[in-house]
Each structure stands twice: as structure tokens, then as C-alpha cells.
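Just so it is clear, the model here is predicted, and its values are computed rather than measured. If you read the sequence from its start, that first residue is 1, and numbering goes on from there. In each ligand, atom 1 is the first atom listed, and ligand 1 is the first ligand listed.
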Amino acid sequence: MTELYDGFGRRIDYLRISVTDRCNLRCVYCMPPDGVPWQPHADMLSYEEIVRVVTVAAELGIRKVRLTGGEPLVRRDITALVRAIAHISGIDDISLTTNGVLLDKLAAPLAEAGLTRVNISLDTLDPIKFRRLTRLGDIDRVWRGLEVAERAGLAPIKINAVIVRGVNDDELIDLARLTIDRAWHVRFIELMPVGNEGEWGAGFPAAPDRYCSINEMLERLAPLNLIRAEQPIGNGPARTYHIPGAQGTVGFISPLGDHFCVTCNRLRLTADGRLRSCLLHDVEVPVREALRSDDQIAPLIERAVALKPRSHDLLMADASVPQDRMMCQIGG
Ligand code: SAM
Ligand code: SF4
């Protein structure tokens, strides 16, 4: 079996695919209230084109695929894409990152189509705060979606919570306690400065006051006596712990920390057909034109892997990187 390595000896076996930049929510840290200028449909890769990229990527060494967005579940007939990817030889894991709003309807068909697991974004347990943070969301739908996903066997269930100081940092302990009775994996994520430095609206802190580091989160979780734990499947760059006696785990993801880059195993494909070498670095290799003119795409995938930087610019500067895309256009 072939394997793909970048210039720093990291094995690249994971492709994150943003299937759309559109979303049914408007989380304050991810999208402006009116959304972004949506990519025209003609610029977005069709499912056939995505499947071709994954097929060639699998021949080169990609083994895991994650679908993301925008919100992947708003793209029409997403189960058809999952089913097609599930049939690609070499791909042994297909996961999806979602806000959970449409999971109550889609979890069962997605599982049946071959999806292996889901990450659900849930930053707060408070319905009113959830509505303020997402500008549009109904937390009850997300809870329903979570339960349906669990019943459909999309396990292990992971919950992603971006922690913002002065907004949901007071819920760290309550969110972590979700892992006591259920085999859920809650992962706390540091806020990234990706096109979101403007005002978020009344009651939200100003940009310099929003960031909360994982070291501070860990200190504030001290009353739970967290113990270092084994990584659950696909926990990637998370540092993982558990509450003594708990069924699930508590993870910490520090996209701004160096260890995040050292273990990087991923390549990204944007909805408009560009291979992105690093989440936080504006290096991209276009594949759409090659796909549409039936050119070879293997060399483009190899080039995107070769262009992976050792680490991202946020380690060196406090400027907002990337400049070209917002998070909803990369997929996290
Ligand atoms: N719509 C889906 C969702 O919300 O799960 C998938 C796309 S979303 C861009 C992927 C992940 O990125 C989510 O967990 C979201 O919370 C996270 N995210 C978005 N903007 C972020 C930011 N500025 N800093 C850190 N995480 C962010
Ligand atoms: Fe939509 Fe996900 Fe961004 Fe929230 S984080 S606006 S759900 S893409």
C-alpha cells in the first residue's frame, strides 16, 4: 500500500473535505450575520469530482475522510456522497463535522450509507446562549440529533466546544461532566483569529478579551481531577484526559500550539476545488480546472502535500491568518 509523506516526514493519510460554504447557522466566531459571498454553484465541485479526488488520494495513501462545511448536511443528498466515498478502495473511515441541526433526520440514512462517526459542535448547554452564539440555532434540535446519531451507531460521539472567554468559559465544568455517564468525548477548542476580529454584537466581549488558552481551561477544570487518558479513535491533535470513573473523555485542541503541527496528518479540499496544505496558511493548489479538463490530479495532490509548511504562521505572528478565507470556507 502506498503512503504519502510531506517534507517533514509526517505521514498524510487524512483528507478533510469542505462540501459547501453555506450554513444554516451563523456562529459569531465563524460567519458574519449575513453570511459570506457564497461560492457560485458552478465553482463548487460536483459529487463526481469530489469522488475522483478521493479515489486518486486513496491510491496515493489517504485512508480517512472527514466531510465538513459550512454545514455539510445542508448540501443536497449528502448521503449519496457518503455512499460513494464508502465504496472507494483504501478509505476505511468516513466521518463528518456538523452543527447537528439536521442530524435528527439524516443520522440514520448517513449511517446506512457508510458514515462511521460524527463530531457535533455544541459550545453551551444554555438554550438562550446557544441562540446568541449561533444567531439562529435551536439547541433542542441539536440534542435530538445527538441522540438519533448515537442510536444510529455513529460512535464514538464527539462534541466540539469552542471556548470564548466571557461567553461560555463558565460552562467548562458542566460541558466536561457530559462525559461522566455517556461514552461521549468532549473536546475544548481554542478560539482561532480567522476573519472574526470584528464586533460580534451586543453582550459579546471585544476581540482582545475573547481568547482562553487550553492551559487556563485545564486550570479551571482542576476540581474534576482530570487524569491523562488514551486517545479515542481519530482524536487527532487533541490532548486527552478523563474524569475519574467517567465513560467518556475530555480533550483539548490548541490550534495555536506547536504540538498541533508536529502531528499534522491532513490535507484539505475546499468546496471550490482547492487543495489547502494547512488550515492556517494560505497555500492552495487548485484542482478544479484539472478535474474539468480531465488532466492528472495525482501530481497536484502530491504538490499540495509537498507544500505543507512545518507549522502555521500564528506561531510567529499575531496577525489574522489566513487572509483569504473565513473558517466556514475552510471547514475547521
Ligand atoms: N458547520 C459544522 C460545524 O459547525 O461543526 C462544520 C464546519 S465548522 C467551520 C467546523 C468546526 O470549526 C466547528 O467545530 C466550529 O466550532 C469550529 N470553528 C469555527 N470557527 C472557529 C474559530 N474561529 N476558532 C475555532 N474553531 C472554530
Ligand atoms: Fe456554520 Fe459551523 Fe460556522 Fe457555525 S461553525 S457558522 S455551524 S459552519
Side-chain angles (χ1 to χ4, degrees), residues 16-36 38-39 66-75 78 95-103 106 110 117-124 130-139 141-142 145-146 149 154 157-165 167-169 175 185-198 200-201 204-205 207 210-214 217 235-238 251-257 260 266 268-271 276 279-280 312 314 320-322 325-332:
R16 286 178 75 104
I17 304 173
S18 169
V19 295
T20 179
D21 58 343
R22 288 149 173 86
C23 187
N24 45 4
L25 300 183
R26 294 284 182 278
C27 301
V28 287
Y29 49 70
C30 179
M31 258 202 219
D34 300 326
V36 290
W38 307 124
Q39 283 148 2
R66 174 174 296 276
L67 303 181
T68 173
E71 171 50 40
L73 301 190
V74 302
R75 183 144 175 196
I78 188 73
S95 56
L96 187 141
T97 300
T98 173
N99 58 34
V101 172
L102 298 174
L103 262 187
L106 288 171
L110 283 166
R117 48 206 175 81
V118 277
N119 288 15
I120 297 164
S121 301
L122 182 67
D123 302 331
T124 174
F130 183 79
R131 170 59 67 101
R132 284 183 57 228
L133 263 168
T134 61
R135 296 199 184 100
L136 297 171
D138 169 5
I139 201 169
R141 274 239 29 212
V142 179
L146 227 150
L154 294 173
I157 298 267
K158 293 192 191 148
I159 297 180
N160 288 351
V162 175
I163 297 299
V164 183
R165 181 188 302 287
V167 178
N168 61 349
D169 55 335
L175 286 162
H185 303 285
V186 171
R187 292 122 47 90
F188 296 117
I189 303 174
E190 287 178 352
L191 176 70
M192 284 181 265
V194 179
N196 56 8
E197 296 79 9
W200 291 353
F204 285 108
R210 295 172 186 153
Y211 176 73
C212 180
S213 70
I214 61 167
M217 294 181 212
N235 226 26
F252 297 85
I253 301 181
S254 169
L256 310 192
F260 186 82
R266 57 196 64 184
R268 291 177 166 78
L269 178 65
T270 64
R276 195 172 168 96
L279 167 66
L280 296 167
H312 54 69
L314 286 176
S320 171
V321 179
R325 290 180 186 271
M326 297 198 63
M327 200 58 125
C328 57
Q329 298 163 318
I330 306 173

(request) For Gly70, counting its heavy atoms only, list the atoms of ligand 2 lying under 4.0 Å from any of them. (result)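 This gives 8 (S) as the contact atoms.
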(message) Which option wins on minimum heavy-atom distance to atom 25 (C) of ligand 1: Arg16, Glu190, Met31?
(response)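 Considering heavy atoms of Arg16, Glu190, Met31, the nearest to atom 25 (C) of ligand 1 sits in Glu190.
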Quick one: which ligand 1 atoms are inside 4.0 Å of a heavy atom on [X]?
X      : answer
Asn99  : 2 (C), 3 (C), 5 (O)
Asn160 : 14 (O)
Asn196 : 23 (N)
Thr68  : 6 (C), 7 (C)

For the [atom1] atom of [X] and the [atom2] atom of [Y], what is their distance to the nearest 0.5 Å?
X      : Y      : atom1 : atom2 : result
Thr98  : Leu122 : OG1   : CG    : 11.5 Å
Ser254 : Ile189 : OG    : CD1   : 11.0 Å
Asn99  : Asn160 : CG    : CG    : 11.5 Å
Arg276 : Thr270 : CZ    : OG1   : 8.5 Å
Ile120 : Ile157 : CD1   : CD1   : 4.5 Å

Identity and distance of the protein heavy atom lying nearest [atom]:
atom                    : value
atom 1 (Fe) of ligand 2 : Cys23 SG, 2.3 Å
atom 21 (C) of ligand 1 : Tyr29 CD1, 3.6 Å
atom 12 (O) of ligand 1 : Gly332 CA, 4.0 Å
atom 19 (C) of ligand 1 : Met327 CG, 3.4 Å
atom 17 (C) of ligand 1 : Val162 CG2, 4.2 Å
atom 8 (S) of ligand 1  : Gly331 O, 4.3 Å
atom 3 (Fe) of ligand 2 : Cys30 SG, 2.4 Å
atom 13 (C) of ligand 1 : Ser121 OG, 3.3 Å

Measure from the side-chain N and O atoms of [X] to the backbone N and O of [Y], and report whether any donor-acceptor pair falls under 3.5 Å.
X      : Y      : answer
Arg26  : Arg135 : no
Arg75  : Thr20  : no
Asp21  : Trp38  : no
Arg210 : Val164 : no

(request) Could you check Val28, Val36, Asp34 and say which one makes a side chain to side chain contact (heavy atoms under 4.5 Å, CB included) with Pro32? (result)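 The side chain to side chain contact (heavy atoms under 4.5 Å, CB included) with Pro32 is passed solely by Val36 among Val28, Val36, Asp34.
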(message) Below 2.8 Å, can you find an N, O or S atom of Cys27 next to atom 3 (Fe) of ligand 2?
(response)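 Of the N, O and S atoms in Cys27, none lies under 2.8 Å from atom 3 (Fe) of ligand 2, which means no.
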(request) Would you mind telling me if ligand 1 is within reach of the side chain of Thr98, the backbone, both or neither, using heavy atoms under 4.0 Å? (result)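 The part of Thr98 near ligand 1 is the backbone, not the side chain.
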(message) Would Met192 count as a polar contact of ligand 1, with the cut-off being nitrogen or oxygen pairs under 3.5 Å?
(response)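 For ligand 1, there is an N or O atom that lies under 3.5 Å from one belonging to Met192.
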(message) When you measure from the heavy atoms of Val194 to every atom of ligand 1, does any distance fall below 4.0 Å?
(response)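 Distance cut 4.0 Å: Val194 fails for ligand 1.
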(request) Say whether Gly70 and ligand 1 are in contact under the criterion: heavy-atom distance to a ligand atom below 4.0 Å. (result)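 Within the 4.0 Å threshold, so yes.
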(message) I'd like to know if the side chain of Asn24 pairs up with that of Glu71 as donor and acceptor (distance under 3.5 Å, no hydrogens or angles considered).
(response)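 No - no donor-acceptor pair under 3.5 Å links their side chains.
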(message) Checking side-chain polar atoms at under 3.5 Å, does Ser213 have a donor or acceptor matched by the opposite partner on Glu190?
(response)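 No, Glu190 and Ser213 have no side-chain donor paired with an acceptor closer than 3.5 Å.
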(message) Measuring from non-hydrogen atoms of Ser121 to any atom of ligand 2, is the shortest distance under 4.0 Å?
(response)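 No heavy atom of Ser121 comes that close to ligand 2.
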